[in-house]
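Residue indices begin at 1 and follow the sequence shown.
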Amino acid sequence: MAAGTFDTSWMWHPSFREDSASTAGRFVHFRKNLNIVGEPPESLQIEITADTRYKLYINSRQVSFGPVKGDNNLWFYDEVDISPYLHPGNNQIGIHVLRFFSGTSYATSFPRLEAGGVRIATVANENLWSPQIQSSTLWETAIDSFTKLRIDESEDDFLHIYEKASLFDAEGAISLHWVPAVLLRYQSSTGVSAPWKLSPRLIPKMKSQKKYFKAIHNVQSCMPSTAWRAALIGQGSEHEEIGLPAGSSHQLDLEAPQHITAFVRLPFNRPQKGGAMITVTYSESYEDIPEMIPYLRRKGPRCDTSKSLIGPRDTFFLRGQDYKLDLEYHESEDTEEVLMPFHWRTFRFIRLNIQVGASDLTFRGLDVEAVTYPLEPFARFKASSDDGIAERLYQTSVNTLQNCMHDCYEDCPFYEQLQYAMDTRSSALFTYYISADDRLARQAMIQLHSSFQPHIGLTASRAPSSQLQMIPHFSLYWVCMLHDHFTFFGDMEFITPFLPVLDAVLGYFHARINGEFDLVALPTADGIWNFHDWTEQWRPYGIPPSVLKSGISTYTNNLYAYTLKLAAELQVGCGNRPTLATEYSDRSKRIFNAVKRHCFDGKLFTDSLAADSSPTAYLSQHNQVWAVLSGAACATDARSLLRTAMSTRQCSHPLIKTSISMSFYTLRAISGAGGSLYQELFHGFWQPWREQLALGLTTWEEDDVSHRSDCHAWGSAPIHEFLAEVAGIRPAKPGWKEMQFTPRVGLYRSLEAVVPFRREGSIGLAKVTWTRADSDIETRVSLNITGLSEPISVHVKLPDQDVMTLDSSEEMCFSCTSIMN
């Protein structure tokens, strides 16, 4: 065989060792000087990535932060034009790298490969400066042995991004030891390549915005509260410095206007002597001491400052003049010392504790730069309501969704930052409705597809992740994501490659049908978690006791039947295999008919086999909801079933309630049942959300059982309901080739809403308005569509009127009665 060629575009520290006994990873620094004679080039494009994360600095300015989370199937790089940051003469380039150790359970949210590395490649090799920029032994590198990524934080089972810094390393060193970088050598011939399968990023860079604290609480300091307020509270650049005497101690709490995700930065005048200790605690709320950290909390009013602030912590020591590291990551390092955690933090409240050392200290404030995915919320919603709550429900939902979008969709930014299929399905739909942006959703579908495990037949429950987790139901939610995307964007080319894995996922459930009952049975097995929902009665693992006993779950079967229906529609829409679509439809009917035979006690659907269920056993709303969604209950029967399920008076034993995570599906069942049911239940449905607002939340909590996190996007169901159901705007054909307009005018006396949608590459805006006098039953409705180059057919259904099909170029104004719809 001919000699192979090699990829030497990755560089690393020659002595890096992975020792996870006391830290989840290490920071590594890279630096080099670039001397530019004459004017800098007009453009100097580089590709940069690292395993695991990096920050690029040029002349003390942060230029780039990345890469987007990838895995061994797809590792992303950033394309950056560094020319605007260069100047004639000497330029200092630095790279700050976070490397999580491989083969550990730490930092589950951050996939990494077996070896660390940094890759810099230039796009135009003919450029004079290209060889000096790209990975080479001309770069110097040093391991940061002073900072640990904490593994002793009781609040942190997933992230391990919290830092504990010291003045000396384990061997007593006080400065960094710089050595030449080494080039890693990977064969790149005969079908072999470097372990990182590189791809340009698929999503735009995160947006950032300066934020400010609104209040200060619980000041314990020899300095007056007024001085702390002047230094830390309010907008603008007028914040004052605050001088802290040597040997003094200070503690205070800072409140942000709302729950945020942000980089934090604490600048100090560099003290003469090092040793001052700064501890920053991040928290979502004030609370009583929990039953279990972090999983069972005791939260009430979130701003009750008489209670405790509990959360993960960063601990830093100011190094002073004697222990400077001279990294040049910010300006004026000789006179200013800046504490800046590497990764962004999540908080509503911050507790700041400063133990001043032997030198007086000048604190120059706490800077907050909020970062999220650059979501553009084109949607608007405003409606009259007796309690004025509608707009607060909507805006809080948008805030929550934005806080759960970064380089992936995230289940909760405070604790996990993991992209779960169930959570992401609803988050993606909410995103489509407020922005018509599918870029983050496309990436999510790709990453979940890449997580497919052929030996099992399922996608992972979450991806990307350093730890494989299998929840069979979540593979079905991934299939639902594919159907949703095709419905909203009609992109057959994107969806078609996923269909073989879709068929395999459905095959996993088909292969587990119990012949006696014609129902899927999912026995307990190592490495498989048959999670249903978070309810008090199903603790600790979210599975009904009767399902654990029999292995047959009504929820599983209804979800499977529901997904089969969507998969059949998808196969037809993609024109792929119509016979397979027929097979899916037949399978769905077989399942929901078996559910009706074996899991219905004559009044309600049981959690498992009805024959094995005691009349006093727990019954759940879940299986009434999913019976409607699957088709096991229809029309009048469906409405009667849901009225019973949602009422606390019609059942001798109240049903176990669906959690916030299931709210979207509960509402889909209520809507799908038809009649006046949706309008009857709509306003009362939001009572748990009203209660959260009354408790002072600014984002929706994860669940009302554990109260673990105060920010979880599956609670943002008002986005979908207000725009899809109340304003009544839906795609009638894939890709918005046609539109459905079915406004529920009986819910509010007046409404103004804007719903964005993407059609053939253009973003259209559907503006819906209606008004009704207080004493009048007649409502004046209008629909105005803008932004399209070609008109769209709109199927209009108003209360007590036949369907009309109109051209969007026509003026669409209507008059109707505000009866139940």
Side-chain angles (χ1 to χ4, degrees), residues 421-422 425 429 457-459 471-487 495 498-522 530 532 547 551-600 605-610 622-638 641-642 662 664-666 668-674 734:
M422 178 187 179
R425 192 252 172 137
L429 272 170
L458 295 171
T459 56
I471 302 176
H473 302 122
F474 283 26
S475 293
L476 296 176
Y477 288 111
W478 172 74
V479 174
C480 297
M481 288 180 65
L482 303 182
H483 177 273
D484 296 338
H485 188 274
F486 185 75
T487 299
I495 293 295
F498 300 134
L499 296 181
V501 169
L502 173 153
D503 186 56
V505 166
L506 297 176
Y508 172 90
F509 291 87
H510 183 68
R512 286 159 178 78
I513 290 178
N514 179 299
E516 180 181 357
F517 301 105
D518 239 11
L519 292 168
V520 175
L522 295 182
N530 295 320
H532 286 49
V547 173
I552 292 178
S553 164
T554 310
Y555 162 74
T556 299
N557 282 274
N558 278 324
L559 172 58
Y560 174 47
Y562 165 81
T563 308
L564 282 165
K565 290 194 298 182
L566 300 189
E569 293 175 7
L570 191 56
Q571 291 285 5
V572 171
C574 288
N576 190 48
R577 295 167 64 184
T579 55
L580 196 54
T582 301
E583 180 184 334
Y584 292 162
S585 295
D586 291 343
R587 283 197 217 170
S588 179
K589 294 173 187 175
R590 174 187 176 187
I591 294 294
F592 71 63
N593 283 326
V595 167
K596 288 193 287 187
R597 288 195 305 272
H598 299 294
C599 303
F600 185 64
F605 287 87
T606 52
D607 291 346
S608 185
L609 298 172
H622 303 69
N623 290 306
Q624 323 318 312
V625 164
W626 283 98
V628 175
L629 292 175
S630 73
C634 301
T636 304
D637 290 342
L641 186 72
L642 291 174
M662 285 283 172
F664 172 77
Y665 298 98
T666 305
R668 296 288 60 70
I670 294 170
S671 174

Margin query: Go through it in stages, so that I can follow the logic: the residues are Thr606 and Asn623, the test is side-chain contact (heavy atoms from CB on, under 4.5 Å), and I'd like the CA-CA distance, side-chain angles, deciding distance and then a yes or no.
Written below: CA-CA 7 Å; Thr606 52; Asn623 290 306; over 6 Å; no
State, to 0.1 Å, how close [X] and [Y] come at their nearest heavy-atom pair, and which atoms those are.
X	Y	value
His532	Ser553	NE2-OG, 2.7 Å
Val625	Ala669	O-CB, 3.6 Å
Ala561	Ser588	O-OG, 2.8 Å
Ala581	Gln571	CB-CB, 3.8 Å
Cys480	Tyr562	SG-CE2, 3.8 Å

Check: Does any non-hydrogen side-chain atom of Ser630 lie less than 4.5 Å from one of Ile591?
Finding: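 Side chain of Ile591 against side chain of Ser630, heavy atoms only: no contact under 4.5 Å found.
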With no hydrogens and no angle check, is any side-chain donor or acceptor of [X] less than 3.5 Å from a backbone partner on [Y]?
X	Y	value
His473	Ile471	no
Arg590	Asp586	no
Asn557	Val520	yes
Thr556	Ile552	no
Thr487	His483	yes

Could you list the donor-acceptor pairs under 3.5 angstrom formed between side-chain atoms of residues 506-514 and any protein atom two or more places apart in sequence or on another chain?
from: Arg512; atom 1: NH1; to: Tyr508; atom 2: O; distance (Å): 2.9
from: Asn514; atom 1: OD1; to: Glu516; atom 2: N; distance (Å): 2.8
from: Asn514; atom 1: OD1; to: Phe517; atom 2: N; distance (Å): 3.3

Next item on the list: In sequence, state the C-alpha distance, the side-chain angles, and the governing distance for Val595 and Thr554, and then conclude on side-chain contact (heavy atoms from CB on, under 4.5 Å).
Entry: CA-CA 7 Å; Val595 167; Thr554 310; 3.9 Å; yes
Margin query: Could you check whether atom NZ of Lys589 has more than 12 heavy atoms from other residues, nucleotides or ligands sitting under 6.0 Å from it?
Written below: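 Counting other residues, nucleotides and ligands, NZ of Lys589 stays at 12 neighbours or fewer.
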Next item on the list: Answer yes or no: are there more than 12 heavy-atom neighbours, outside Arg597 itself, under 6.0 Å from its atom CZ?
Entry: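 Counting other residues, nucleotides and ligands, CZ of Arg597 exceeds 12 neighbours.
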Item checked: Glu583 bridged to Arg587 by N-O distance under 4.0 Å ->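 Looking at Arg587 together with Glu583, the answer is yes, because their closest N to O distance falls below 4.0 Å.
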Checklist line | Under 3.5 Å side-chain donor-acceptor pair for Tyr665 and Arg425 | finding: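 The criterion, which ignores hydrogens and geometry beyond distance, is satisfied for Arg425 and Tyr665.
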Next item on the list: Check the angle between the aromatic planes of Trp626 and Tyr477 and answer parallel, tilted or perpendicular using the 30° and 60° thresholds.
Entry: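 Perpendicular, since the angle between the ring planes exceeds 60°.
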Margin query: Does Val547 form a side-chain contact (heavy atoms from CB on, under 4.5 Å) with Asn530? I'd like the steps, not just the answer.
Written below: CA-CA 10 Å; Val547 173; Asn530 295 320; over 6 Å; no
Margin query: Leu499 vs Leu570, test: side-chain contact (heavy atoms from CB on, under 4.5 Å). Steps then yes/no.
Written below: CA-CA 9 Å; Leu499 296 181; Leu570 191 56; 4.1 Å; yes
Check: Is the gap between the ring centers of Tyr555 and His622 under 6.0 Å?
Finding: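 No, ring centres 6.0 Å or more apart.
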Notebook entry, point to check: Checking side chain to side chain donor-acceptor pair (under 3.5 Å) against Tyr584, which of Thr563, Thr579, Asp503 comes through?
Noted result: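 Only one of Thr563, Thr579, Asp503 forms a side chain to side chain donor-acceptor pair (under 3.5 Å) with Tyr584, namely Asp503.
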